[in-house]
Enquirer: 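Structure in structure tokens, see below.
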Protein chains: 2
Amino acid sequence: MLSLHQLTVFLAVYEQGSLTRAAEELGYAQPSVSEQIRGLERTLGVTLFRRVGRGVVPTTVADTLRPHAERTLAAAEETRLAAQRVKRFETGTIRFGMFGVARLYAGAGLVADVLARHPGVRVELVGQNSSEVAEDLRRGRLEAAMIAMPSVESEGMQVTPVARDEIVYISADPETLSSPITAKKLAQASLVMPETTWRSTDSVRTLLRQMLHETGVNPATRIEVEDVEIAVELVGLGLADSVIPRGAAVQLLPRLAPNAGWVSMKPKLYDMFAVVHRAGATLSPAAQLMIELATKRIQSIATPM
Amino acid sequence: MLSLHQLTVFLAVYEQGSLTRAAEELGYAQPSVSEQIRGLERTLGVTLFRRVGRGVVPTTVADTLRPHAERTLAAAEETRLAAQRVKRFETGTIRFGMFGVARLYAGAGLVADVLARHPGVRVELVGQNSSEVAEDLRRGRLEAAMIAMPSVESEGMQVTPVARDEIVYISADPETLSSPITAKKLAQASLVMPETTWRSTDSVRTLLRQMLHETGVNPATRIEVEDVEIAVELVGLGLADSVIPRGAAVQLLPRLAPNAGWVSMKPKLYDMFAVVHRAGATLSPAAQLMIELATKRIQSIATPM
DNA sequence: CGAATCTATAGGCTCAGCCTTGAGATCGCA
DNA sequence: TGCGATCTCAAGGCTGAGCCTATAGATTCG
């Protein structure tokens, strides 16, 4: 079997024209070098050096093989270097899970943070919905993720809360916003709920259901959409009200529904942000970096825990 | 230390997504594959696969490293193939020593023979004079050579005669050619001697000296030139006569001195062609090929021995 | 919830690969 | 010509890499 070691020794002998000098250069004893060359000659089935009195002389076969050996060793070295560069975040890909409204808190800004520190890396923020992220984590395609309160059953998953954010009621009607929203008011409301929020915030969904159930009314969502942005736009158009995390409201209302505002619920509800990864896993430096930066960014908007 | 074996196993695992399946593909037991991957991860200092329940999943580091690993293995394979091609004479360089008048007998035609059999190879016929060829053989730069009777001291050299050729006297004067040249006639002649012939044909030189000495005359060479071609041309111009091997005369006279002819010496003298290489060396297939072809070609002109 | 599947670990074996020592060959110089 | 220096090769011993079998632990699937 051909080996990089054999090629290294071959080149050393070729350049030195002597087994002894090659051995010195490589830090080996001379017989070891001799054995390597013999082994290479045997595996290739050719004679590489003519043993002639004092020293050895490369054959024309050795001349032919030399550039190939050099290319092979260069490629191997390049492989090694690539690993080192990835280790130092000079290159490579960092993949991180993030779904639900979490991306509103730490999406583009998080990517910017990573690129500011490590200009060479590729960043992938993956995850459309909770089940996809949960699946990716379970299957190992994702090492870690930042999510807005997992409906992910924590089967074998380690969930670490990092911040919480109030759930608020948003509306384009100033009258509605004049006082906190009680269960009774909520039951009478006409709501648009984004799928992402709805699905990702288990506690909120449960609490909302509870509040609605108390009034004897079934799901009051008049409209269901995929993106929270669309929900906010619809609120801005006065077609419905909605319930979203405060950070999302602060960030989206001015841009998508400048005429709308937000008010607390009564009692107050909270959404939760958490880091999640497989229980018992040792996190890679890349994952640790992403967790650190995402946590920092989310905690600057929501309330640290 | 990085090894090709590790990279091979790495790619197998990457493609199969499973240590067990990779082990089957490679014909190993599963723990061996596990050990190789662990070794590679240790030498590179990175995590390549996330062990997750059933099977393993490549990390982004593995994604980055894969093309490098593939390139490295491809280069190694190319090295191996290059050796095989050289072995089969599909490519590579064949170097063969040949000096003196031998090239007139087997020069261009010999190259043609080699290329006809092995179109891919490079052919080098090296050697200007006997001492250079002798030195190259001694130093190992040349594996074997076909020479016209060595002044090479056969110190550690194995010399195998393959043919002999008569030494003839050439002249542009028909009168001179009417009968064999005796020592007496030779002493009176005005000669042009080519360095190559002069130096390479030890026996001839000795015999000529002897013949001349018997008549009490010192070296009768009026002109000394480097190439036998020039000597023949001078003979054609009628400026001097010369003494060269018969084969050379047959080949060169019609072309360079059509008005000249040749006649035997009396007693007859013979030049010798021989294969020479280091004593005790096992000849490479390339050298054996050259010896075979060169011998065949020379023997078709000169007298086999 | 049990069977199947997969990885990790432990223990044992063989051989590659390194070392040291010494023999054999060659070269350079007195 | 002979002797010392230099170099390769051969032999023997040692360590560790690498492979195996058997088994435990974890996860998935029916």
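Throughout, protein chains are lettered first and strands after them, A, B, ... in sequence-line order, and every chain is numbered starting at 1.
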Enquirer: Can you tell me how far C1' of dC7(D) sits from CD of Glu25(A), to the nearest Å?
Expert: 17 Å
Enquirer: On DNA chain C, compare the nucleotides closest to Arg51(B) and Arg278(B); which residue's is nearer the 5' end?
Expert: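 Its nearest nucleotide lies further toward 5', so the answer is Arg51(B).
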Enquirer: Looking at Glu35(B) and Arg38(B), is any side-chain nitrogen of the basic one under 4.0 Å from a carboxylate oxygen of the acidic one?
Expert: no
Enquirer: Kindly say if His5(B) contacts the phosphate of dA16(C), meaning a side-chain N or O under 4.0 Å from OP1 or OP2.
Expert: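 So the side-chain polar atoms of His5(B) never come under 4.0 Å of the phosphate oxygens OP1 or OP2 of dA16(C).
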Enquirer: Of the nucleotides dT8(D), dC20(D), dC29(D), which has the atom closest to the Arg139(A) side chain?
Expert: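 Looking only at side-chain atoms, Arg139(A) lies closest to dC29(D).
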Enquirer: Separation of Arg42(B) atom CZ from dG16(D) atom P, in whole Å?
Expert: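 Result: 13 Å.
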Enquirer: To the nearest Å, how far apart are Arg21(A) CZ and dT8(D) P?
Expert: 8 Å
Enquirer: Are side-chain N/O atoms of Thr47(B) and Ser284(A) paired as donor and acceptor at under 3.5 Å?
Expert: no
Enquirer: Describe the nucleic acid contact of Gly17(A) in one word from base, sugar-phosphate, nothing, applying a heavy-atom distance below 4.0 Å.
Expert: nothing
Enquirer: dT8(D), OP1 or OP2 - any side-chain N/O from Ser18(A) closer than 4.0 Å?
Expert: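 The answer is yes; a side-chain N or O of Ser18(A) sits under 4.0 Å from OP1 or OP2.
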Enquirer: Does this structure show an ion pair linking Glu78(A) with Arg71(A), if we count only N-O contacts that are shorter than 4.0 Å?
Expert: no
Enquirer: Check whether any side-chain nitrogen or oxygen of Ser32(B) sits under 4.0 Å from OP1 or OP2 of dG18(D), and answer yes or no.
Expert: no
Enquirer: Return the minimal non-hydrogen interatomic distance between Ala286(B) and Ile94(B), and the atom names on each side.
Expert: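 Closest pair (atom of Ala286(B), atom of Ile94(B), distance): CB-CG1, 3.9 Å.
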Enquirer: Quickly work out the Leu137(A) CG to dT27(D) P distance and round it to whole Å.
Expert: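 Whole-Å distance recorded here is 15 Å.
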Enquirer: Students often mix this up, so state it plainly: with edges at 30° and 60°, are the rings of His5(B) and Tyr28(B) parallel, tilted or perpendicular?
Expert: perpendicular
Enquirer: Under 4.0 Å between any heavy atoms, over every strand shown, what does Arg50(A) touch: base, sugar-phosphate, or nothing? Just pick one.
Expert: nothing
Enquirer: Which residue, Gln6(A) or Arg38(B), contacts DNA chain C at a nucleotide closer to its 5' end, judged by nearest heavy atom?
Expert: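 Mapping each residue to its closest nucleotide by heavy atoms, the 5'-most match is Arg38(B).
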Enquirer: Hey, is the side chain of Gln36(B) poking within less than 4.0 Å of OP1 or OP2 on dC19(D), counting only N and O atoms?
Expert: yes
Enquirer: What's Gly27(A) touching, base or sugar-phosphate or nothing? Going by heavy atoms closer than 4.0 Å.
Expert: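 Sugar-phosphate only.
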Enquirer: May I ask you to verify if any side-chain N or O of Thr20(B) is less than 4.0 angstrom from the OP1 or OP2 atom of dT7(C)?
Expert: yes
Enquirer: Walk me through it: do Arg95(A) and Glu124(A) pass the test salt bridge (charged side-chain N to carboxylate O under 4.0 Å, His left out)?
Expert: CA-CA 5 Å; Arg95(A) 187 182 295 142; Glu124(A) 292 183 11; 2.9 Å; yes
Enquirer: So which nucleotide from dC9(D), dT21(D), dG18(D) ends up closest to the side chain of Ser34(A)?
Expert: dC9(D)
Enquirer: What is the distance, rounded to the nearest whole Å, between atom CZ of Phe49(B) and atom P of dC6(C)?
Expert: 16 Å
Enquirer: Donor-acceptor pair under 3.5 Å: do we get one between Gln30(B)'s side chain and the base of dC6(C)?
Expert: no
Enquirer: Toward the 5' end of DNA chain D, which comes first, Pro31(A) or Glu24(A), by nearest nucleotide?
Expert: Glu24(A)
Enquirer: Can you tell me the distance, in whole Å, between the CD atom of Glu35(A) and the P atom of dT20(C)?
Expert: 14 Å
Enquirer: Round to a whole Å and report the spacing from CZ of Arg138(A) to C1' of dT28(D).
Expert: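 Spelled out: CZ on Arg138(A) to C1' on dT28(D) is 8 Å.
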Enquirer: Mind calculating the distance between OH (Tyr28(A)) and P (dC18(C)) to the nearest angstrom?
Expert: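 These atoms are roughly 5 Å apart.
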